[in-house]
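Some notes on the structure that comes next.
Order of the sequence lines sets the chain letters (A, B, ...), proteins ahead of strands, with each chain counted from 1. What you see is a predicted model; the values in this text were computed from it and never measured.
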Number of protein chains: 2
Amino acid sequence: MAKDRPTIADVASRAGVSKGAVSFALNGRPGLAQATVDRILAAADELGWRPSNRARSLSVSKAFALGLVITRDPAVLSSDPFFPAFIAGVESVLATRGQALVLQVARPGEDEAAGYRRLAQDGRVDGVFLSDLRHDDPRIDLLSELGLPAVTLNRPEGDSPFPAVCLDDRPGTVAVVEHLLELGHRRIAHVAGPQAFVHATARSDAFVATLAAAGLEPVAIEVSDFTAAGGIEATRRLLALPERPTAIVYANDRMAIAGLGAAQQAGLTVPDDLSIAGFDDSELAEFVHPGLTTVRADPYAFGEAAALTLNQLIDGAGTDDTVADVELPPARLVVRRSTARLEES
Amino acid sequence: MAKDRPTIADVASRAGVSKGAVSFALNGRPGLAQATVDRILAAADELGWRPSNRARSLSVSKAFALGLVITRDPAVLSSDPFFPAFIAGVESVLATRGQALVLQVARPGEDEAAGYRRLAQDGRVDGVFLSDLRHDDPRIDLLSELGLPAVTLNRPEGDSPFPAVCLDDRPGTVAVVEHLLELGHRRIAHVAGPQAFVHATARSDAFVATLAAAGLEPVAIEVSDFTAAGGIEATRRLLALPERPTAIVYANDRMAIAGLGAAQQAGLTVPDDLSIAGFDDSELAEFVHPGLTTVRADPYAFGEAAALTLNQLIDGAGTDDTVADVELPPARLVVRRSTARLEES
DNA sequence: TTGTAAGCGTTATCAA
DNA sequence: TTGATAACGCTTACAA
């Protein structure tokens, strides 16, 4: 059992001042002689005193914590390169401010609203990150109703009272398609993510638009679900097409890697018979055979920026300064061996 | 802004009782007439009152939260199937008790002790999960010094004051090796994880022991780092051996999948020229080509059991009932196409 | 420049 | 069975 922690009263009496003075000294407020401040801080140091979060929380009605609710199936969540890096980025800024991260994972079917409600009503967090934004996302109304500050990862469609931190998926997709066009491909298909998600449609829209700009139409667009199983399914359907595509652009690496497996199982050689591109640059992308051409973003920086922005919002709550949206550098194309020049057959 | 929440005093005055009575009614303590209890609960309901976590925290010196510190590189963390499912399992029990999960990810190089210290000193959590146990793990001394309750995932080597929740990795590894032996393999190599980790050595020990029981020695053991890059490296070294192994057992799927890529790149056909087995049954294992023979555990159940056990410990702190260790059903072999009968060449 | 005292919303103690 | 009242440890008006 750890010995009882010193309280602010102990520090005060040791320094020969009042509790109020200690509080002022700690928080660097003006109105104290430098000498007393020093004396107080010294006393605090000797006693090894650190203010109690719980007492502070009660007193100032703050949690000193941020929340992240991830609404995904755990199975889908694993092998997703985004969140671990994102969280690490978030924490790099929380650590310096003594804040904690409260994590909640909800299965898609479950009542995710309940999760946010709990976080808000229990006063667990001072704000939340809104990830995996959906079209007409009900969460933004929910959160403004709950009065819980939030930051959206990318911009929602309608009006949003919350600042957005954005990493545009489209330039990466455009780059992939242009890369394939340069390699001579004309029959290009797309395996998209669930169209409920803003980032999924952003990618498929960019895909279609880039082809259109070249005067082409997609061979097919298979809407899938970002899982490996879904990637397999979609790939099989595409390969069964009367006019098989010569290249497939997947909305994420997991589907792409699964698709690669499906193509190989179907007896095709990648990239000779079929070019394949992913999205995310997950760890395995580099190491599967052949290495996967994909698109790389920087989720760590995304996390940093989101945390910084959310804290700005929280700190300034009440102030009328609206917090500015943040635009991060877009994802970049990473060319590997899974895409190749189209051989005339 | 959400309207001001009602406090216990509001409920008390509405029900015409004292605050103490409300507290008793809420916590179902004896000593109140049933009629008053009903009246109080009704009043609370009408006002929509829920007790404030912050006030409770201060009053009873509890955080109503559990902590998980993950000491891994974010890049390594992604594409690890364990933690998302484990966390989901943990939360399935936390949700019913109104507890929250505080997550911290630390890079291996960083001072992880500082992370636990912060959690303890800030009173953020009532207990923590100790994952990725290492040999002579310094964290168990640290935590008992901090007086922070903990549960270890698997059993540490030395004496530990903490209950352990165990999922034995060895039977799975034994099963893999026996499977390969049955297929006629005799030259089997192993790509192990960092030997600082208890689970990594458990797997390599089981590997060696099972071969030994069959009167065999490993062709080679490559100690790697659980990453895809490490898996590639190790595989290349094994394939360059004068007497190439006919089968390789990897300590996790990520290295195995990368190794599969490396073997294919080296012109080998899996499983004809080389059998490959992993460990984890990550999502992609089923869908790479050929499908990966691997070992499946149940991290969700692991999380549930760990959370239950940690809460038992916390609830009973002070009591002398020591909390019993929990033994979970071991991981099971999943046979796919990446392993095959050895063809005499 | 410093000290006093009143919150914050619970739980716990102890008379009545 | 009840109802005051005192913690819990901090912040913050307001006095001095």
_pair V198(B)-H135(B): side-chain heavy atoms closer than 4.5 Å_ = yes
*Would you please name every residue forming a salt bridge (charged side-chain N to carboxylate O under 4.0 Å, His left out) with D325(A), sequence neighbours left out?*
R155(A)
*Looking at Y116(A), does the NZ or CZ of R139(A) lie under 6.0 angstrom from its six-membered ring centre and within 45 degrees of the ring axis?*
no
*In sequence, state the C-alpha distance, the side-chain angles, and the governing distance for N311(A) and L66(A), and then conclude on side-chain contact (heavy atoms from CB on, under 4.5 Å).*
CA-CA 9 Å; N311(A) 273 324; L66(A) 266 31; 4.1 Å; yes
*Tell me, for nucleotides 6-13 of chain D in 5' to 3' order, what letter each nucleotide earns: B for a base near a protein heavy atom under 4.0 Å, S for only sugar-phosphate near one, - for neither?*
--BBBBB-
*Could you state the atom-to-atom distance from CD of Q34(A) to P of dT2(C) in whole Å?*
11 Å
*Q121(A) and N53(B): side-chain donor and acceptor closer than 3.5 Å?*
no
*asked:* Check this one for me: any side-chain N or O of T36(B) less than 4.0 Å away from OP1 or OP2 of dT2(D)?
replied: yes
*Show the numbers, then the answer: is there a side-chain hydrogen bond (donor to acceptor under 3.5 Å, both in side chains) between Q99(B) and D126(B)?*
CA-CA 10 Å; Q99(B) 291 177 305; D126(B) 300 317; 4.8 Å; no
*Take atom CG of D10(B) and atom C1' of dT10(C), then tell me their distance rounded to the nearest Å.*
14 Å
*Give G16(A) one of three labels, base, sugar-phosphate or nothing, depending on what nucleic acid heavy atoms sit under 4.0 Å from its own.*
sugar-phosphate
